[in-house]
Amino acid sequence: MLRDRWPTRLTFLFAAVTSAIGLGAVWRFPYLTYKYGGGAFLLPYLIALVVAGIPLLILEFALGQKLQKGAVDALASIKRKFSFIGWWALFIGFIVISYYSVVMGWSIIYFFASIGTQWGDDPKAYFFNNVLQLSDSINHIGSVTAIVFIALVVGWIGLYFSVWKGTKSVSKVVNFTTPFALVLFLVMLVRAVTLEGSMEGMAYYLKPNFSALLDAEVWIAAFSQIFFQLSVGFGVMIAYASFNDRKEDISKNAVVVGVATVIFSILAGVIIFGTLGFMASSQNVPIDKVVASGPGLAFVVFPKALSLMPFASFFSMLFFLILVTIAYDSAFSLVEAIDTVMVEKTKMKREVIALIVCIFGLFSGIVFTTNAGLYFLDVIDHFVNSYSLVAVGILECIAVGWFLGAGKLRVYINKVSDIKIGKWWEYSIKYTVPIILSIAIIAQLMKELKSPYEGYPQWAIWLGWIAAVIAPFAIAFLIPQKNVQKRQ
Ligand code: PFF
């Protein structure tokens, strides 16, 4: 069977960049920057990009491209037992897609609600009571919220038709959505920076507070944000690179993807905070009174700011269309990573595999559409990103650095790439990245043991551990063992 191929190099870059740029850039990054020392956060963020993000991206591109395999088989070719790392990455991806698609669903709802800015004067009540119908705690699960569920189904139908023919359908989608989202984004950027008060908003966003750099939490946040944003540790970049020709440039591609993601994220912060500055000035309140954390930023505060603008409906639609588009490209990259491995493993048709994966994804997302959905999302997201993802990053580095041989892989990378990478990359993969990530995990764990995450009840914390860490780890171990037995 011939392997799927990207039609052009640009298409591969579009696919990789749009997988990386997603909700993480528009919703999470600006808030993290504001929370962790404003402009000073850019320092750990950029260090994380150079020290861990780009080296790991190079690693995943090289692995997929050299071995022409998805995450599981690529890691298994280093050592049979390592297939569990690939499975683990895929399971994390599966968990992430199950809630990521729900946030995409909210964005779809908001796109339509933008017509006549239906959140009116009280966007908070609109988001929590009308859309989420949020209960008062995670203990009260209630029932499925119809509107969110419908949006989720619509989203999954879209996802299915983006991946059903593999690179053929993905290429068509990204060749359209990348320039499309870019144009919308630029329009929004120009609008934001020309609003009255926007400069104060940006100054507030970027004003550095260097004392924040002494806090370990800031560094951990920067590293896990870079991982999540660059989509490394999920098997996505391995799968995408496996559709490249073996002679494709690697290091240049990795730098393009890394730098584009960071620039986009910083500019997304400019849009968000420029607009918040405008809102603060038009309401005559200090800006720190209008900022919110987490989903509140994109779905409560921002809609409010949008509704104060001239042509409010138009700019609201524009903003949520950007959100839907970038969430969508990231979401299907996760599905594609799973499909790629399942096609290799089962030899079934891509259309069928994609359908099965999408149906499973839809069902596993239902818990996030209940009245307690937001709480579940918060817990699972925290455990997946703080532990599972970082653990996979460490394991990938060990497998490649110590078993495949970072030196050997570097020779291959330099043979095909314009930008030659030095020996520093080998040290990064063998020592720096695993050590930094191990420290991050341990520090996070110690904090966790002192105070349970966000004060959630014990059962919810256990659920977080089970869903995001224990179950994927256990299953990942069981699958290859079965395979080994069958082969004996
Ligand atoms: N990188 C995406 C974002 O920042 O929103 C999220 C994501 C997509 C994570 C794909 C992982 C992934 F495999």
Side-chain angles (χ1 to χ4, degrees), residues 12 16 20 46-90 92 223-224 226-227 229-242 244-259 337 388-441 476 480:
F12 162 70
L46 292 177
I47 291 180
L49 172 77
V50 174
V51 171
I54 291 184
L56 263 173
L57 207 50
I58 292 179
L59 183 155
E60 291 207 352
F61 280 172
L63 211 56
Q65 194 173 300
K66 180 167 194 253
L67 301 169
Q68 299 281 301
K69 287 173 179 153
V72 172
D73 281 354
L75 279 144
S77 359
I78 300 175
K79 206 170 180 353
R80 254 206 86 68
K81 277 201 178 128
F82 286 163
S83 60
F84 92 90
I85 306 172
W87 285 116
W88 195 356
L90 287 197
I92 307 177
F223 275 86
S224 70
I226 279 289
F227 264 47
Q229 282 204 266
L230 293 187
S231 312
V232 288
F234 297 89
V236 170
M237 294 307 188
I238 300 180
Y240 272 7
S242 76
N244 274 337
D245 188 274
R246 278 208 172 94
K247 291 198 205 79
E248 175 61 46
D249 194 302
I250 290 175
S251 47
K252 202 158 57 188
N253 284 347
V255 171
V256 169
V257 173
V259 171
S388 235
L389 181 56
V390 183
V392 169
I394 297 174
L395 290 170
E396 272 187 8
C397 286
I398 295 176
V400 171
W402 295 90
F403 290 87
L404 178 70
K408 214 166 96 190
L409 200 57
R410 185 166 74 94
V411 170
Y412 163 67
I413 296 166
N414 283 343
K415 208 166 92 193
V416 296
S417 304
D418 283 347
I419 307 174
K420 309 289 175 210
I421 49 170
K423 241 187 147 34
W424 63 269
W425 182 78
E426 288 175 40
Y427 295 126
S428 260
I429 296 301
K430 282 174 85 167
Y431 308 103
T432 325
V433 182
I435 291 173
I436 293 178
L437 297 184
S438 305
I439 295 173
I441 277 202

Compare all side-chain heavy atoms of [X] with those of [Y] and state whether any distance is below 4.5 angstrom.
X	Y	answer
Tyr412	Arg246	yes
Ser251	Trp425	no
Lys69	Ser77	yes
Arg410	Asn414	yes
Leu230	Leu49	yes
Leu67	Asp73	no
Phe61	Val257	yes
Met237	Ser231	yes

Determine, stepwise, if the pair Phe82 / Phe403 fulfils ring pair (Phe, Tyr, Trp, His ring centres under 6.0 Å). CA-CA 10 Å; Phe82 286 163; Phe403 290 87; 5.0 Å; yes

Are any side-chain N or O atoms of [X] and backbone N or O atoms of [Y], one a donor and one an acceptor, separated by less than 3.5 Å?
X	Y	answer
Asn253	Asp249	yes
Trp88	Val392	no
Glu60	Gly235	no
Glu248	Asp245	no

Under 6.0 Å between ring centres, would you say that holds for Phe227 and Phe234?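 No, ring centres 6.0 Å or more apart.
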
With rounding to the nearest 0.5 Å, note down the distance linking [atom1] in [X] to [atom2] in [Y].
X	Y	atom1	atom2	value
Ile85	Ile78	CD1	CD1	7.5 Å
Leu389	Ile394	CG	CD1	10.5 Å
Ile226	Leu46	CD1	CG	7.5 Å

Give a yes or no on this: more than 12 heavy atoms of other residues, nucleotides or ligands lie within 6.0 Å of atom NZ of Lys79.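 Counting neighbours around NZ of Lys79, 12 or fewer heavy atoms of other residues, nucleotides or ligands fall under 6.0 Å, so no.
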
Would one find more than 12 heavy atoms of other residues, nucleotides or ligands at under 6.0 Å from atom OH of Tyr427?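 Counting neighbours around OH of Tyr427, 12 or fewer heavy atoms of other residues, nucleotides or ligands fall under 6.0 Å, so no.
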
Hey, mind stepping through Leu395 and Phe84 against side chain to side chain contact (heavy atoms under 4.5 Å, CB included) and telling me if it holds? CA-CA 10 Å; Leu395 290 170; Phe84 92 90; 4.1 Å; yes

Pair Leu75-Ser83, side chain to side chain contact (heavy atoms under 4.5 Å, CB included): steps then yes or no: CA-CA 5 Å; Leu75 279 144; Ser83 60; 5.8 Å; no

For side chain to side chain contact (heavy atoms under 4.5 Å, CB included), just list the numbers for Ile238 and Glu396, CA-CA rounded to whole Å, side-chain angles, deciding distance to a tenth of an Å, and then say yes or no. CA-CA 11 Å; Ile238 300 180; Glu396 272 187 8; 4.0 Å; yes

Evaluate side chain to side chain contact (heavy atoms under 4.5 Å, CB included) for Leu404 paired with Leu409, printing each intermediate quantity in order. CA-CA 8 Å; Leu404 178 70; Leu409 200 57; 4.1 Å; yes

